[in-house]
Protein chains: 2
Amino acid sequence: MSHQSQKSCMASARRISGLLRENGLRATKGRAEVLALFFETGKPLAQRQIMEMLRLKLDRASVYRILNAFTAAGVIHMAYVDGRHRVYELPDRCSGRSCHPHFSCRSCGMTACLEDFKVHSQGTLGKGFVAERQKVLIEGLCPDCTEGKK
Amino acid sequence: MSHQSQKSCMASARRISGLLRENGLRATKGRAEVLALFFETGKPLAQRQIMEMLRLKLDRASVYRILNAFTAAGVIHMAYVDGRHRVYELPDRCSGRSCHPHFSCRSCGMTACLEDFKVHSQGTLGKGFVAERQKVLIEGLCPDCTEGKK
DNA sequence: CAATATATGCGATAGAGTTGCAATAAGCAG
DNA sequence: CTGCTTATTGCAACTCTATCGCATATATTG
């Protein structure tokens, strides 16, 4: 999947560089690769996973700085915190006020985006409060782990 | 508030010890005090805050172990992760499947429980998935910080 | 009150994330 | 394409949360 076609890789590389520059970020190899990983996997990623998936060598500190820069620029956002890990994702399917919910398995730690799961909120926050984003995390057991428990 | 009446303190101390034992936990001074803090404040607490509020001396490691033991026993649960801090609270107002939402101010970091805020979820997780808990975090600005931004 | 299993204190350690600084590479003008 | 300026990277040291092993202290049980 990573080397299907030079052409399409290059094409998306150009698209990604453009996206970086549009957001006021220099299009370095490291940044392009990290951003490409988000597009390729389409999944929420933590620094650790990014490090493991990198084809290009990149320092730990650089990955952290890249994630922070991306977050500040709004290219990605922190989806949720999993244990000690900050998990980021593209804000693709998220409106300004609410993000799609995430699922996290308490047994194996597997996580997933719940795109067909809708969350409606009702009620008032109180005077002066302004809600900007709504993060929902469903904890439970994934199919593999429910089978194991049977 | 901490020394209003010896009597009520002692009474609740006995109640707390009982609660610990009911959950299979030894009623040590440290554990009783930590659990009492959750009841007295009624607020979500992180290890750091607990350390600062302790009247009794207790080691950092012990507080961590106490929080883990309480969580394993179900006496408290992790409400959310605030930056690098795990924040715990009594499962008082939480049913088995859903927890009351929390608010977190992105400017000052202040957090609060949203008791009058209800969240309804709709949809399917997918075959084999079992939802056990639903954590909702609303991010935004608190009254103090909205005033500042005006 | 003594025996025993469990908690605690202390020090060392692990792991996520940050920072300072020198080296490097992107972006831009010519 | 070349050189200049400035942002980014690599490296190493560091911070901070959390955990672990082990000796000591303490709660529970009989």
Side-chain angles (χ1 to χ4, degrees), chain A residues 13-14 16-37 44-73 75-88 109 111, chain B residues 13-37 44-52 54-73 75-88 109 111:
Chain A
R14 217 175 291 136
I16 283 169
S17 297
L19 186 55
L20 287 168
R21 277 182 222 114
E22 280 167 31
N23 285 278
L25 296 163
R26 283 198 180 181
T28 65
K29 287 179 188 173
R31 290 183 173 181
E33 172 133 0
V34 172
L35 187 50
L37 287 177
L45 297 173
Q47 188 268 354
R48 190 74 180 274
Q49 295 165 273
I50 292 171
M51 284 302 284
E52 289 168 1
M53 298 172 77
L54 280 175
R55 297 173 281 261
L56 169 66
K57 267 188 196 170
L58 215 51
D59 192 72
R60 288 194 1 268
S62 298
V63 173
Y64 282 117
R65 279 186 284 226
I66 287 171
L67 291 173
N68 287 340
F70 282 9
T71 304
V75 176
I76 59 175
H77 68 182
M78 205 199 297
Y80 55 91
V81 180
D82 181 36
R84 298 186 189 173
H85 308 273
R86 304 181 187 174
V87 183
Y88 299 86
T111 58
Chain B
R14 217 175 293 136
R15 209 164 53 78
I16 282 169
S17 298
L19 187 55
L20 287 169
R21 268 173 288 233
E22 281 168 30
N23 285 279
L25 297 164
R26 287 200 175 181
T28 64
K29 287 178 188 173
R31 290 182 173 184
E33 172 132 1
V34 171
L35 188 49
L37 287 178
L45 298 172
Q47 187 267 357
R48 188 74 180 276
Q49 294 164 275
I50 292 171
M51 284 302 285
E52 289 169 1
L54 281 175
R55 298 173 279 262
L56 169 66
K57 266 189 197 171
L58 216 50
D59 190 73
R60 290 197 345 272
S62 299
V63 174
Y64 283 117
R65 279 186 283 226
I66 288 171
L67 291 173
N68 287 340
F70 282 9
T71 303
V75 176
I76 60 174
H77 67 183
M78 205 199 296
Y80 53 91
V81 179
D82 182 35
R84 298 186 190 173
H85 308 273
R86 302 181 188 176
V87 183
Y88 299 86
T111 57

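Throughout, a chain's letter reflects where its sequence line sits, starting with A, and its residues are numbered from 1.
- In this structure, the side chain of Ser17(A) engages the main chain of Ala13(A) through a donor-acceptor pair within 3.5 Å.
- Taking 4.0 angstrom as the limit, Thr28(B) places none of its side-chain polar atoms (N or O) nearer than this to OP1 or OP2 of dT26(D).
- If you check distances only, the side chain of Arg60(A) does reach the base of dG17(C) with a donor-acceptor pair under 3.5 Å.
- In plain terms, the two heavy atoms of Arg55(B) and Glu33(B) that are nearest each other are N-OE2, 2.7 Å.
- Between the C1' atom of dA18(D) and the CG atom of Leu67(B) lies a distance of 11 Å, rounded to the nearest Å.
- Arg26(B) has no side-chain polar atom (N or O) that falls below the 4.0 Å cut-off from OP1 or OP2 of dT26(D).
- If you check every strand for non-hydrogen atoms under 4.0 Å, Ala69(B) touches nothing.
- Across all strands, Arg65(B) comes closer than 4.0 Å to base atoms (heavy-atom distances).
- Contact between the side-chain N/O atoms of Asn68(B) and the OP1/OP2 oxygens of dT19(D) is found at a separation under 4.0 Å.
- Taking atom CG on Leu54(A) and atom C1' on dG10(D), their separation rounds to 14 Å, with Å as the unit.
- Minimum heavy-atom separation, Leu20(B) to Arg26(B): CD1-O, 4.4 Å.
- Along DNA chain D, the nucleotide nearest to Leu25(B) and the one nearest to Tyr88(B) differ in position, and the one closer to the 5' end is contacted by Tyr88(B).
- Here the nucleotide nearest the side chain of Arg86(B), chosen from dA18(D), dG9(C), dT18(C), is dA18(D).
- As rounded to whole Å, 16 Å separates atom P of dA23(C) from atom CG of Asp59(A).
- If you find the closest nucleotide of DNA chain D to Ile66(A) and to Arg84(A), the one lying nearer the 5' end belongs to Ile66(A).
- OP1 or OP2 of dT18(C) has not a single side-chain nitrogen or oxygen of Tyr64(A) nearer than 4.0 Å.
- Regarding Leu56(A), its CG atom lies at a distance of 11 Å from the C1' atom of dT9(D), rounded to whole Å.
- Rounding to whole angstrom units, CZ of residue Phe70(B) and C1' of dT6(C) are separated by 14 Å.
- Straight-line distance from the CG atom of Leu58(B) to the C1' atom of dA25(D): 13 Å, rounded to whole Å.
- What separates CZ of Arg31(B) from P of dA25(D) is a distance of 19 Å, to the nearest Å.
- Val81(A) approaches Met78(A) most closely through the heavy-atom pair CG2-SD, 3.9 Å.
- With rounding to whole Å, Arg48(A) atom CZ is found 10 Å from dA16(C) atom C1'.
- Taking every heavy atom of both residues into account, Phe70(B) and Arg31(B) meet most closely at CZ-O, 3.4 Å.
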